[in-house]
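What follows is one structure encoded as structure tokens, with my remarks underneath.
Given the structure is predicted, the values throughout are model-derived calculations rather than measurements. Just so you know, ligand 1 is whichever comes first in the structure, and atom 1 is the first atom listed for that ligand.
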Amino acid sequence: MRLNSLQLVNFRNYDNLYLEFNKKVNLLVGKNGQGKTNIVESIYMLSFGKSFRTSKDKEIVKFETENLYVGGNFSKEHTNGLIEVAIGKNKKGIKVNKIHIQKIYELLGNINVVIFSPEDLRLVKEGPKERRSFIDKEISQIMPKYYNYLTNYNKILFQRNQLLKSKNVDSALLDVYDESLAKYGSYIYILRRDFIKKIANISKNLHEKLTGGIEELSITYKNQLNICDEDTTSTVYNKFIEKLMSNREHDIETRTTRYGLHKDDLNIYINGLDVRLYGSQGQQRTASISLKLSEIELINNEVGEYPILILDDVFSELDETRQKLLVDNLNVVQMFITTAEIAHKNIFDKSNTTIFNIESGHVINIENGGN
Ligand SMILES: Nc1ncnc2c1ncn2[C@@H]1O[C@H](COP(=O)(O)OP(=O)(O)OP(=O)(O)O)[C@@H](O)[C@H]1O
Ligand SMILES: [Mg+2]
């Protein structure tokens with residue numbers, strides 16, 4: 001999968017921009033605040049229909065203008081396509097191959113994008129909440145129905161906790177909530193288990209490459225129900241109901257739900273040691289890279305095409321060895337890399353890299369390295 005060209009009108013600090021891209025490496029170079037991330041933000045919009053920086057569309061429209069347009073031509077193995085997003089005052093339209101779409105899920109999957117930002121380097125170091133959000137986003141990208149299950153689960157969990165906080169807890173109503181929680185919970189547990197197993201394999205291989213075979217990364221699913229490979233949706237449902245029942249008194253006392261998906265996490269080990277407790281900063285960062293980038297191979301396995309990879313500002317956070325390993329190991333994907341450091345130009349093979357030099361909303365110079 002690759003993006004061939006991009007057209008922007010009134011997008012952030014760009015008036016009117018048309019770019020043609022390299023099918024391998026596209027390096028966006030410029031000083032801080034010039035418009036590098038704005039370009040990758042527009043590419044992300046072609047994939048998800050919205051920005052990764054804001055949920056308010058009007059912030060993306062160029063100051064003192066009203067109508068924004070982003071258009072991108074993409075190629076897949078067997079097809080070409082055009083995605084267009086237009087935002088005007090109080091209206092928004094998205095077209096796939098010139099046809100208006102009604103629902104965002106009709107857009108998803110046309111272009112798969114993986115974006116890697118500096119926050120992702122802290123994925124291993126951060127708390128469980130960040131890792132759960134990583135898991136949720138990744139599974140939703142390859143399986144939109146997962147997102148619906150999760151929304152329902154969270155809604156019911158919220159209602160259950162509200163009930164537990166009330167003066168007289170109605171146990172018949174609690175029964176109803178428990179059943180729904182276990183129903184959606186069991187779907188999600190199984191999908192998380194399967195997903196984690198897949199990314200564990202991929203990230204183990206990636207980590208081995210990134211560390212020259214010195215470190216073995218092992219990732220497993222940490223959950224309160226001891227979900228195992230043999231469990232089916234109905235066994236998970238029963239396990240969950242049982243936990244909720246045997247903890248009911250405790251839940252009523254503490255006025256909150258003790259067991260469930262909302263406590264899930266990942267166990268992350270390097271050479272048998274818990275990397276969160278014993279790993280160095282560098283090990284934690286490399287493990288984060290392996291984990292985050294496992295998404296690329298997973299999308300290829302599930303969708304049949306490699307996604308487009310965006311590296312926004314992560315380059316300057318890595319040492320030269322890791323930068324080189326990263327680029328060499330990912331040579332199958334089309335990349336968009338933003339950096340403020342001109343020195344990074346030297347890391348890339350000139351014959352398959354195009355460099356876009358950016359200054360205050362203009363691409364002032366393009367160094368073309370062939371295609
Ligand atoms: N709606 C908008 N209209 C016009 N300009 C905008 C708008 N939103 C942001 N900008 C401008 O875009 C610039 C920031 O662009 P961007 O975030 O792409 O910078 P960058 O090159 O990635 O910088 P850094 O290296 O610091 O990450 C700022 O100068 C900001 O004022
Ligand atoms: Mg930026």
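- Atom numbering of ligand 1 starts at 1 in the shown order; those under 4.0 Å from a heavy atom of T37 are 17 (O), 18 (O), 20 (P), 22 (O), 27 (O).
- In terms of protein heavy atoms, atom 26 (O) of ligand 1 is closest to N32 ND2, 3.1 Å.
- To the nearest 0.5 Å, atom CD1 of residue I358 and atom CD of residue Q34 are 9.0 Å apart.
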(request) Kindly determine whether Y187 and Y153 satisfy ring-ring contact (aromatic ring centres under 6.0 Å, His included), including the steps that lead there. (result) CA-CA 10 Å; Y187 299 154; Y153 178 90; over 10 Å; no
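- The tally of protein N/O/S atoms under 2.8 Å from the Mg ion (ligand 2) stands at 1.
- Here the shortest heavy-atom distance to atom 16 (P) of ligand 1, taken over T339, N38, I39, I60, belongs to N38.
- By the criterion of a heavy-atom distance under 4.0 Å, neither the backbone nor the side chain of K58 is placed next to ligand 1.
- Protein heavy atom nearest atom 3 (N) of ligand 1, with residue, atom name and distance: F63 N, 3.0 Å.
- Under the 4.0 angstrom criterion, atom 7 (C) of ligand 1 counts as having a protein heavy-atom contact.
- Atom CG of N10 sits about 6.5 Å away from atom CG of D15, to the nearest 0.5 Å.
- Under the 3.5 Å distance criterion, with hydrogens and angles disregarded, a donor-acceptor pair is assigned to the side chains of D136 and Y146.
- Of all heavy-atom pairs spanning L164 and T256, the tightest one is CD1-C, 3.6 Å.
- Counting atoms of ligand 1 from 1 in the listed order, those under 4.0 Å from a heavy atom of Q34 are 19 (O), 20 (P), 21 (O).
- The residue from N13, N10, V40 that puts a heavy atom closest to atom 10 (N) of ligand 1 is N13.
- Among all non-hydrogen protein atoms, the one lying nearest atom 9 (C) of ligand 1 is R12 CD, 3.7 Å.
- I43 and L6 make their closest contact through CG1-CD2, 4.2 Å (heavy atoms, listed as atom of the first residue, atom of the second, distance).
- Across all their heavy atoms, E305 and K76 have their closest contact at OE2-CB, 3.2 Å.
- The closest side-chain donor-acceptor pair between N368 and T354 falls under 3.5 angstrom.
- Residue contacts with ligand 1: A340 is placed with no nitrogen or oxygen under 3.5 Å of a nitrogen or oxygen of the ligand (distance criterion only).
- If you check which protein heavy atom lies closest to atom 29 (O) of ligand 1, you get G33 O, 3.0 Å.
- Within the 3.5 Å criterion, the main-chain N or O of V124 finds a donor-acceptor partner in the side chain of R276.
- The contact set between ligand 1 and R53, taken as ligand atoms under 4.0 Å from a residue heavy atom, comprises 17 (O).
- No side-chain N or O of N22 forms a donor-acceptor pair with one of Q334 less than 3.5 Å apart.
- For L225 against K243, the heavy-atom pair with the smallest separation is CD2-CG, 3.5 Å.
- Residue G35 places at least one N or O, backbone or side chain, under 3.5 Å from an N or O of ligand 1.
- Residue contacts with ligand 1 for E59 involve N, CA, C or O but no side-chain atom from C-beta outward (heavy atoms, distance under 4.0 Å).
- Contact detail for R192 and I135: the closest heavy-atom pair is CG-CG2, 4.0 Å.
- Using 4.0 Å as the threshold, V61 has a heavy atom nearer than that to some atom of ligand 1.
- At a heavy-atom distance under 4.0 Å, only side-chain atoms of D313, from C-beta outward, approach ligand 1.
- Between F21 and F356, the ring planes lie perpendicular to each other; the angle is over 60°, past the 30° to 60° tilted range.
- Looking at S316 and E341, their side chains never bring a donor and an acceptor atom within 3.5 Å of each other.
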